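So the structure is just underneath, and the comments pick up after that.
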Amino acid sequence: MKTATRTITLILATAAPALAASGAESEGNGFLVTLFLAFGALILVFQLVPGLLLFASMLKGIFSRPAAEERETNRTT
């Protein structure tokens, strides 16, 4: 049993560096990767601006006083 355990441990210890190597080396980003990331950033920015405008108008609607028309309808009812 000890011999089998030692053998398995020895095999796993020698194979660990081979399993850890991914084979992919970093060569830096290419032009297309940069272009793709820039395109994604543009999409986020173009969706962020209208979202912020809607959020600001929602806050304005929540925290503003009621309009004069609503006051008049409240008086008549």
Side-chain angles (χ1 to χ4, degrees):
M1 183 71 180
K2 285 185 176 180
T3 306
T5 304
R6 286 182 185 169
T7 304
I8 292 173
T9 303
L10 182 64
I11 289 172
L12 289 177
T14 56
L19 295 174
S22 66
E25 295 183 13
S26 177
E27 295 179 2
N29 293 336
F31 176 71
L32 290 177
V33 172
T34 304
L35 188 66
F36 177 73
L37 292 175
F39 182 70
L42 280 175
I43 289 173
L44 287 176
V45 167
F46 284 137
Q47 288 185 354
L48 181 68
V49 171
L52 288 176
L53 290 174
L54 284 173
F55 184 71
S57 65
M58 180 188 72
L59 290 178
K60 183 180 174 184
I62 289 173
F63 294 112
S64 67
R65 291 184 174 196
E69 297 175 7
E70 292 181 7
R71 286 186 216 150
E72 291 178 8
T73 56
N74 288 339
R75 288 182 188 167
T76 58
T77 56

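Note: hydrogens, waters and symmetry copies are ignored here, and every other heavy atom, side chains too, is used. Throughout, residue positions are numbered sequentially from 1 according to the sequence presented. From a predicted model like this one, the values you see are computed outputs, not experimental measurements.
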| request: Would you check, one step at a time, whether the test side chain to side chain contact (heavy atoms under 4.5 Å, CB included) holds for F39 with I43? | output: CA-CA 6 Å; F39 182 70; I43 289 173; 3.3 Å; yes
| For V45, what residues pass the side chain to side chain contact (heavy atoms under 4.5 Å, CB included) criterion, not counting sequence neighbours? |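 Applying side chain to side chain contact (heavy atoms under 4.5 Å, CB included) to V45 gives none.
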| field | Residues which pass side chain to side chain contact (heavy atoms under 4.5 Å, CB included) with F55, listed by chain and number, not counting sequence neighbours | value |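 Checked F55 against side chain to side chain contact (heavy atoms under 4.5 Å, CB included); matches are M58, L59.
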| query | For the atom pair OG1 (T3) and CD1 (I8), what is the distance rounded to the nearest 0.5 Å? | reply |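 With rounding to 0.5 Å, OG1 (T3) is 11.0 Å from CD1 (I8).
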